[in-house]
Amino acid sequence: MLGTAAGALFLLAGTASAHVRVFADGAKQESPATLRFRVPSEKADATTVRIDVTLPQGVMTTAIPPATGWKGEEIASPGGGTHVMWTAMAGNELKPDEHRYFDVQVGPLPKEASIAFDVAQTYSDGSVVNYNERQRGPEEPEFPAPVLVLDAAAAKAALTRQEATAPQTPNATASTTPAAAAQEENAGRVSWLPWAAAGAAVVGAGTVVVVRRKTPTSP
């Protein structure tokens, strides 16, 4: 398959530096991987003090590499499932506009087209930003869960099906010209256009990053 033959395709929401995202060099279905979570500190008046990643069913931790200045630990949820949590030691908090990577080694990845990870980011002012929203249709959510795509073709097909079943926006009014209506429709779908080039890029260059721009706000 395209994704497994040439490396993982990463579907990201936000700007090049905004929002939590996940990387896994050479990741493929049914093989172990090292997940790398890139975490930016987006609040201007607080520091990031904790990161909590929920591993979905079928993803098992094998090791948590050291993160300098942070304590990493695996926590079992009472209702099942696993969390990997990193807590900053004094003086190592992530300051505004800074970012760093947090790694976790996992066993064989499930045979899924894509894997979404819920991430909770805690700030020094006590606020928590939950990146746990799934994308439905052409519009990205405000706080998207980072997604690791393992099979680009299957993931694209799934997203296309979701878009087809998503609530439709009202049709253009009678005063709107056909050309204007078409332009509006294309504008609503522009966030999907990177997929068209993604397949060829994955084959030619291995890992591909797909970015959609959006300025984040606090919940």
Side-chain angles (χ1 to χ4, degrees), residues 1-41 48 50-68 70 72-75 77 81-86 94 99-121 130-135 140-141 143-159 194-195 197-212:
M1 288 180 292
L2 181 63
T4 58
L9 175 72
F10 305 107
L11 175 62
L12 309 177
T15 66
S17 62
H19 296 334
V20 177
R21 49 186 188 169
V22 61
F23 299 85
D25 187 28
K28 58 183 180 180
Q29 297 170 348
E30 301 181 307
S31 293
T34 297
L35 306 177
R36 305 200 73 199
F37 292 90
R38 183 186 188 278
V39 180
S41 199
T48 297
R50 179 173 295 165
I51 297 296
D52 185 346
V53 175
T54 300
L55 299 182
Q57 186 175 5
V59 179
M60 304 296 293
T61 304
T62 58
I64 303 175
T68 304
W70 290 68
E73 57 186 331
E74 181 179 357
I75 301 174
S77 300
T82 301
H83 293 251
V84 179
M85 182 182 297
W86 292 270
L94 272 182
H99 73 271
R100 73 164 298 160
Y101 291 87
F102 297 90
D103 296 352
V104 56
Q105 296 174 358
V106 298
L109 295 171
K111 196 172 182 179
E112 301 287 349
S114 63
I115 308 172
F117 299 86
D118 292 350
V119 179
Q121 182 174 12
N130 291 296
Y131 292 100
N132 58 6
E133 298 175 350
R134 306 311 192 251
Q135 182 158 339
E140 68 176 5
F143 301 101
V147 177
L148 178 66
V149 178
L150 301 175
D151 185 336
K156 179 181 181 296
L159 290 172
W195 282 108
V202 170
V203 173
T207 300
V208 177
V209 176
V210 181
V211 178
R212 290 190 293 278

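Keep in mind it's a predicted model, so treat the numbers as computed, not measured.
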- Task: Flag this pair as yes if the NZ/CZ of Arg21 is under 6.0 angstrom from the six-membered ring centre of Phe23 and inside a 45 degree cone about the axis; otherwise no.
- Result: no

- Is a side-chain N or O of Gln29 found less than 3.5 angstrom from the main chain of Glu112, in a donor-acceptor match? yes

- Should the pair Tyr131 and Phe143 be assigned to parallel (<30°), tilted (30 to 60°) or perpendicular (>60°) ring geometry? perpendicular

- Message: Could you check whether any side-chain heavy atom of Ser31 comes within less than 4.5 Å of a side-chain heavy atom of Leu109, counting everything from C-beta outward?
- Response: no

- Kindly check if the number of other-residue, nucleotide or ligand heavy atoms within 6.0 Å of CD (Gln57) is above 12? no

- Take Val53 and Val104 through the test side-chain contact (heavy atoms from CB on, under 4.5 Å) and record every step on the way to the result. CA-CA 10 Å; Val53 175; Val104 56; over 6 Å; no

- Query: Where does the angle between the aromatic ring planes of Phe37 and Phe117 fall among parallel (under 30°), tilted (30 to 60°) and perpendicular (over 60°)?
  - Reply: perpendicular

- Message: Please find the pair of heavy atoms, one from Ile64 and one from Glu73, that lie closest to each other, and give the distance.
- Response: CD1-C, 3.7 Å

- Item | Which atom of Ile51 lies closest to which atom of Phe102, heavy atoms considered | CG1-CE1, 4.1 Å

- Any Pro144 side-chain heavy atom under 4.5 Å of His19 side chain: yes

- Task: Begin from the C-alpha positions of Asp118 and Asn130 and carry the test side-chain contact (heavy atoms from CB on, under 4.5 Å) through to its verdict.
- Result: CA-CA 7 Å; Asp118 292 350; Asn130 291 296; over 6 Å; no

- Query: Is there a donor-acceptor pair under 3.5 Å between the side chain of Gln121 and the backbone N or O of Pro40?
  - Reply: yes

- Note on the structure: Closest non-hydrogen atoms of Leu94 and Val39, given as atom of the first, atom of the second and distance, are CD1-O, 3.6 Å

- Taking all non-hydrogen atoms of both residues, which atom of Ala145 and which atom of Ala116 are closest, and how far apart? CB-CB, 4.4 Å

- Rounding to 0.5 Å, atoms CG (Leu55) and CD1 (Ile115) come to a distance of 10.0 Å

- Message: I'd like to know if the side chain of Gln105 and the backbone of Thr62 have a donor-acceptor N/O pair within less than 3.5 Å.
- Response: no

- Flag, side chain of Arg36 to backbone of Asp25, donor-acceptor distance under 3.5 Å: no

- At what distance, to the nearest 0.5 angstrom, does CG of Leu150 lie from NZ of Lys111? 12.0 Å

- Task: Examine distances only and state if a side-chain atom of Arg134 and a backbone atom of Asn132 form a donor-acceptor pair shorter than 3.5 Å.
- Result: yes

- Message: Nearest 0.5 angstrom please: Ser114 OG to Leu148 CG, how far?
- Response: 8.5 Å

